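Residue numbering restarts at 1 for every chain, and letters A, B, ... go by the order of the sequence lines. Just so it is clear, the values below take in all heavy atoms, side chains as well, and ignore hydrogens, waters and symmetry mates. It should be emphasised that the depicted structure is a prediction, and the values quoted were computed from it without experimental measurement.
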Protein chains: 4
Amino acid sequence: MSGTLNKVMLIGHTGDDVKMHYFEGGNCIGRFPLATNDSYVNKSTGERVNTTEWHNIVVRNKAAEICEKYLNKGDKIYIEGRLKTRKWQDEQGKDRYSTEIQCTDFTFLTPKNESQITGSSMQSAPQANTPAVNPQEVSTNSPEMEDDDLPF
Amino acid sequence: MSGTLNKVMLIGHTGDDVKMHYFEGGNCIGRFPLATNDSYVNKSTGERVNTTEWHNIVVRNKAAEICEKYLNKGDKIYIEGRLKTRKWQDEQGKDRYSTEIQCTDFTFLTPKNESQITGSSMQSAPQANTPAVNPQEVSTNSPEMEDDDLPF
Amino acid sequence: MSGTLNKVMLIGHTGDDVKMHYFEGGNCIGRFPLATNDSYVNKSTGERVNTTEWHNIVVRNKAAEICEKYLNKGDKIYIEGRLKTRKWQDEQGKDRYSTEIQCTDFTFLTPKNESQITGSSMQSAPQANTPAVNPQEVSTNSPEMEDDDLPF
Amino acid sequence: MSGTLNKVMLIGHTGDDVKMHYFEGGNCIGRFPLATNDSYVNKSTGERVNTTEWHNIVVRNKAAEICEKYLNKGDKIYIEGRLKTRKWQDEQGKDRYSTEIQCTDFTFLTPKNESQITGSSMQSAPQANTPAVNPQEVSTNSPEMEDDDLPF
DNA sequence: TTTT
DNA sequence: TTTT
């Protein structure tokens with residue numbers, strides 16, 4: 001609805017493997033943490049301070065499956081999405097809030113041959129069998145505008 | 001393909017009506033100019049300089065038709081798209097280049113009741129019959145991710 | 001530091017007046033809630049669902065003062081910033097998290113003469129005395145690149 | 001001036017070294033081409049088409065010098081900037097237009113040790129002596145908001 | 001002229 | 001919990 005914009009663009013490194021959740025009806029989502037770094041100079045002390053910001057990324061359905069398959073812990077990725085704050089209840093029944101980035105587009109930025117294959121990770125195994133299709137850039141949309149051959 | 005990003009985001013005012021072009025096979029595009037303003041201080045003279053930048057917006061198919069119908073000269077609009085430089089030949093057969101923004105998303109920012117209806121414009125007439133559906137925000141994608149009701 | 005990006009871009013309506021906080025040393029911040037709208041079709045029922053997302057905006061120093069002065073509840077504004085999740089302790093000493101958008105740039109999108117002046121709001125009074133300088137677009141950066149007159 | 005937005009965000013590979021231009025008064029700019037890739041399926045033939053889009057990047061002053069020093073042909077980089085179409089006259093005195101991206105922010109995305117040092121390039125030599133300061137992310141602004149230590 |  |  002109506003004349004607003006809700007857009008997040010991140011480039012960062014994943015802090016963990018993609019955790020998948022499957023729903024009845026065939027839908028699924030994947031979640032993973034993404035780290036971005038900021039740096040500023042503390043005015044009082046004059047020293048440079050490095051901080052890390054962690055973002056909760058949520059990817060859906062086919063995009064989730066691609067991330068689960070080809071995205072490894074530590075990889076660099078570009079994420080585009082929307083901010084969404086979920087409300088939930090803790091053990092005491094108190095309202096709690098958690099802000100997530102619902103991913104709408106992503107682009108792998110770590111070359112395939114540099115992606116870390118953590119030995120213990122089931123999810124990394126398939127990568128050894130590199131797919132015929134390069135999964136580096138995947139849109140979670142079905143952009144009809146790109147699917148034709150108009151002369152412009 | 002391949003780990004790159006090409007994104008433009010503009011908020012500006014349209015400088016003219018949408019010009020439509022129809023192709024065989026049913027496709028169409030709409031074109032219109034969009035103005036953004038910059039302002040900077042001239043270091044030598046110390047005075048503030050206001051400049052206007054004109055952008056060539058290209059919208060496709062259904063999105064083009066919506067713009068033609070509801071977007072009036074002077075309206076404010078948010079445009080998201082990709083940069084595309086077209087090559088063409090002038091009368092002397094010389095290569096010329098023209099850079100356009102291929103629109104992938106847009107949001108009308110002028111309230112419907114404030115949009116200027118330029119009397120001479122055929123395209124404005126339908127607006128008098130306000131549509132049942134509010135066309136304020138329209139995505140040119142078919143974002144499957146928004147079309148379901150996953151619990152997150 | 002280090003090759004990452006943390007960017008948020010929002011267009012929405014403010015849900016309340018700007019709340020100012022002043023610090024020793026002369027710094028200050030302003031906070032206000034911003035609403036964006038999403039809309040999707042529920043696959044099961046087929047009906048369109050409209051949702052509102054609320055964002056916690058934090059503006060600093062001079063930018064905060066400008067927002068306090070000229071931004072009224074209900075106004076439309078473009079916000080650019082960074083995501084930042086603050087950690088705090090609740091009454092039980094439990095860790096809690098709150099995600100904010102640290103504003104780095106903004107642009108007023110409500111024409112000055114349409115901005116709602118809520119009678120009870122002290123902060124709106126100054127707006128009656130419209131400033132000589134139009135505060136519609138303000139960057140919270142000091143963009144050296146715009147401050148000169150290079151020939152390009 | 002006034003309620004508009006002109007923003008470009010690109011991730012691509014540089015197609016050439018940075019060409020510097022120095023002006024009287026100490027200002028300088030650097031220019032280099034940036035390639036982004038798009039891919040779409042030709043509806044008639046059903047085959048995937050890969051296209052390359054070239055962007056003219058213009059960087060200023062200190063940012064230009066950093067790019068000249070540390071950015072090598074083929075490197076991947078994130079560019080944020082504004083669209084600017086310059087008007088110029090060709091040999092026949094005819095108006096010609098050229099669209100550029102005036103860079104306001106950038107982030108190197110190629111790890112330093114993978115950046116190609118083209119043997120013949122003077123500009124690459126200094127990179128052998130790696131700088132004490134990591135130049136990976138550089139803002140061409142002077143973001144006052146990041147330079148303090150407010151408690152948020 | 002880049003890259004995958 | 002990532003990365004430089």
Side-chain angles (χ1 to χ4, degrees), chain A residues 10-19 31-39 48-57 70-79 107-116 118 120-121 130-138, chain B residues 1-6 85 87 97, chain C residues 1-6 85 87 97, chain D residues 10-19 31-39 48-57 70-79 107-116 118 120-121 130-138:
Chain A
L10 304 171
I11 296 174
H13 293 92
T14 61
D16 203 351
D17 293 329
V18 178
K19 305 283 185 254
R31 295 174 179 278
F32 61 89
L34 189 78
T36 58
N37 304 293
D38 272 312
S39 153
R48 179 155 292 276
V49 181
N50 297 315
T51 65
T52 296
E53 192 63 29
W54 286 100
H55 311 274
N56 303 310
I57 311 297
Y70 302 113
L71 187 62
N72 291 298
K73 181 175 171 177
D75 281 359
K76 183 174 275 195
I77 189 171
Y78 166 80
I79 294 283
T107 297
F108 291 169
L109 296 174
T110 294
K112 203 164 33 179
N113 60 346
E114 291 171 26
S115 183
Q116 295 308 319
T118 56
S120 63
S121 168
T130 47
V133 174
N134 187 328
Q136 265 209 307
E137 184 182 14
V138 182
Chain B
M1 209 231 286
S2 78
T4 67
L5 175 73
N6 176 355
T85 298
K87 189 182 181 178
Y97 299 88
Chain C
M1 209 230 289
S2 76
T4 66
L5 176 72
N6 177 353
T85 298
K87 189 183 182 177
Y97 300 88
Chain D
L10 304 171
I11 296 174
H13 293 92
T14 60
D16 203 351
D17 294 328
V18 179
K19 304 285 185 251
R31 295 173 180 277
F32 60 90
L34 188 78
T36 58
N37 304 293
D38 274 312
S39 152
R48 178 154 291 277
V49 182
N50 297 315
T51 64
T52 296
E53 192 63 28
W54 286 99
H55 311 273
N56 303 310
I57 311 297
Y70 303 112
L71 188 62
N72 291 299
K73 181 175 172 178
D75 280 359
K76 183 173 277 195
I77 189 171
Y78 167 79
I79 293 283
T107 296
F108 292 168
L109 295 175
T110 294
K112 203 163 35 179
N113 60 346
E114 291 171 27
S115 183
Q116 296 308 319
T118 57
S120 64
S121 168
T130 48
V133 174
N134 187 326
Q136 264 209 307
E137 184 183 13
V138 181

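Between Lys76(A) atom NZ and dT1(F) atom P there is a gap of 21 Å when expressed in whole angstrom units. The CD-C1' distance, from Glu53(A) to dT1(F), rounds to 14 Å in whole Å. Spacing between atom CD1 of Ile57(D) and atom P of dT2(E) amounts to 16 Å, rounded to whole angstrom units. Taking atom CD1 on Ile77(D) and atom C1' on dT2(E), their separation rounds to 13 Å, with Å as the unit. For Leu71(D) and dT1(E), the CG to P distance is 19 Å, given to the nearest whole Å. Between Leu10(D) atom CG and dT3(E) atom P the separation is 17 Å, expressed in whole Å. Straight-line distance from the CG atom of Leu34(D) to the C1' atom of dT1(E): 11 Å, rounded to whole Å. For Asn37(A) and dT1(F), the CG to P distance is 16 Å, given to the nearest whole Å.
Side-chain contact of His13(A) with Thr4(C): a donor-acceptor pair under 3.5 Å is absent, judged by distance alone. Side chains of Thr51(D) and Asp38(D): a donor-acceptor N/O pair is absent below 3.5 angstrom, by distance only.
Checking dT3(E), dT1(E), dT2(F) against every side-chain atom of Asp16(D), the shortest atom distance belongs to dT1(E). Of the candidates dT3(F), dT1(F), dT2(E), dT1(F) carries the atom nearest the Lys73(A) side chain, counting heavy atoms from C-beta on. In the set dT1(E), dT2(E), dT1(F), dT1(E) carries the atom at the smallest distance from any side-chain atom of Pro33(D).
Looking at Ile11(D) and Leu109(D), their side chains come closer than 4.5 Å, going by heavy atoms from C-beta outward.
Not a single donor-acceptor pair under 3.5 Å links the side chain of Thr36(D) to the backbone N or O of Leu5(B). Judged purely by atom type and a 3.5 angstrom limit, Ser39(A) has no side-chain atom pairing as donor or acceptor with the backbone of Asn50(A).
At a cut-off of 3.5 angstrom, the base of dT2(F) holds at least one donor-acceptor pair with the side chain of Thr52(A). Residue Thr14(D) places no side-chain atom within donor-acceptor reach of the base of dT2(E), judged by atom type and a 3.5 Å distance cut-off alone.
Remark: ring of Trp54(A) not stacked against base of dT2(F); the cut-offs of centroid gap under 5.5 Å and plane tilt under 30° are not jointly satisfied.
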